[in-house]
Amino acid sequence: MQEKELIPHLYRSEFRKITTVLCRSFGIEHISVAEDVVSDTFLLAAETWGLKGVPNNPAAWLYVVAKNKAKDFLKRETLFTQKISAEIILSNSASNETDLDLSAQNIQDSQLQMMFAICHPAIPPEAQIGLSLRILCGFSIDEIAHAFLTNKETINKRLYRAKEKLKHVKVKIELPSDAGIDKRIENVLTTLYLLFNEGYYSSNRNVVLRMDLCLEAMRLTHMLTENESTNKPFVNALLALMCFHASRFEARTNPEGELILYQEQNTSLWNRELITQGEYYLNKAATGNLLSKYHLEAAIGYWHTITDNDTQKWEKILSLYNQLLMVEYSPITALNRTYALSKVYNNKKAIQEAEKLRLDNNHLYHTLLGELYTTIDYTKAIQHLESALKLARSAADKKVIKDKINKLDKVKNT
Amino acid sequence: MKEFLMIFRNNALPEAKYSPDEMQAIMKQWENWMGGIAAQNKLANSGSRLGTEGLTIKPGNVIINGPYAEIKEIVGGYIIVRAESLEEAAEIGKGCPILNVGGNVELRTQIPMNG
């Protein structure tokens, strides 16, 4: 690998490892220091390697330099706290710990513990996602800003506030006790699910970045399945769900990064390997007696990977959407259920149900009604698609709706 | 939005009358009906189906087997719906599959215990 590519590559693979180990050693109040130490280490690498050449084992070099910088910090911190209070130093075991353990096992443990610390209900979901991307995934501030379609200042402010809040509520970097883990893990899963969706449903045209977000969410969820105390059935269900969705990643965008709808996808582009993995985790999820929303969504995901478009498929999907809505309402689920209804019965029945939903300000609602009316009432179909176009915000959504209107116009004129 | 209790009554034991296939078709009707309420975000509580096993306790330590000894219509289940008015809740109730098999739906307002 060329030196020019080497440092960004190492940044992506090593930044998060070293940072989480340092965070755990320094405590939640020093997340920024941990980030700075690792950033400085990479800066030094860029300078030194340019002049003296790349060391034999670049990752080991980074570990040694980061360790030394961390030791310096801890020494300073010890002196500082000693001056303030002798008591603090006694209770602060991290200050006495001079050797940082950068073994694979400790990296894994630290990542897991930091995951629980960051995905904490004290900070808002978007801050949890941002901080996860920074600390657990080693994304640069620039990349996070791109992912959220915003600027660096906004992200810096958001992360700063989040870190202050975690410090303020004294979040502990540790795995919750077995008794408390179910409650806390729910929050972690919500954040991982949002992180995945950020990549999957984003209107961002940078497909590589979006896939990266999905893969990171899957990597972190997978990590939860590898630890005995966090390997719960609903964690496996979430991972299965992610695999099933991700299997369509390539089929759902064209080379311009534009969205291709499910019904129009080339099914030969669906990733078989991810589907098989999804099935594996779905099987592992099928234990215990808790049927979580992730189970239902994973099962819906599974049926979507079936290429045979027979009624059985859509009957299963409809039934699962019905159950999912009874567990948790969401407008998207309500719309998806209505679509499934049209597949099992007919458009007329689906329209009757759709019109009860009263989601008049939702562009997807009008897109669906436009679709359902296509074979029944041309004028109404166009009216709904025009409303959808007015309400849609992202360029990708607008494009999909415009295409539908154009198609309808063509049909009318022939 | 107010919440209303919806009680389903039928005058027979539904399980006894239907074949497994028919039973499955009935379950599907119920699921679609309840899914439709939930899709409007009006299902406050998906309630419960009630089994036929039970007993009734009366004053003086009198216990009668079964919940249906003296009433013709047995309560088969309940849900709680969210609606602006009793009329709107009634509109929801009109789609209940129990009406197709001779049963009925009772709608009741709820009063908080410590209100």
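We name chains A, B, ... by the order of the sequence lines, and we start the count at 1 in each one.
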With sequence neighbours left out, write down each residue that passes side-chain contact (heavy atoms from CB on, under 4.5 Å) with B:I63, or none if nothing qualifies.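 In terms of side-chain contact (heavy atoms from CB on, under 4.5 Å), with neighbours along the sequence ignored, B:I63 is linked to B:L55, B:I57.
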Please report the closest heavy-atom contact between A:L357 and B:A39, naming both atoms and the distance.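 Where A:L357 meets B:A39 most closely, the heavy atoms are CD2-O, 3.2 Å.
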Please tabulate, one pair per line, the N or O donor-acceptor pairs under 3.5 Å between chain B and chain A.
| residue | atom | partner | partner atom | Å |
| --- | --- | --- | --- | --- |
| B:K28 | NZ | A:E315 | OE2 | 3.4 |
| B:E31 | OE1 | A:S319 | OG | 2.8 |
| B:E31 | OE2 | A:S319 | OG | 3.3 |
| B:N32 | O | A:R337 | NH2 | 2.9 |
| B:N32 | OD1 | A:N322 | ND2 | 2.7 |
| B:N32 | ND2 | A:Y345 | OH | 3.0 |

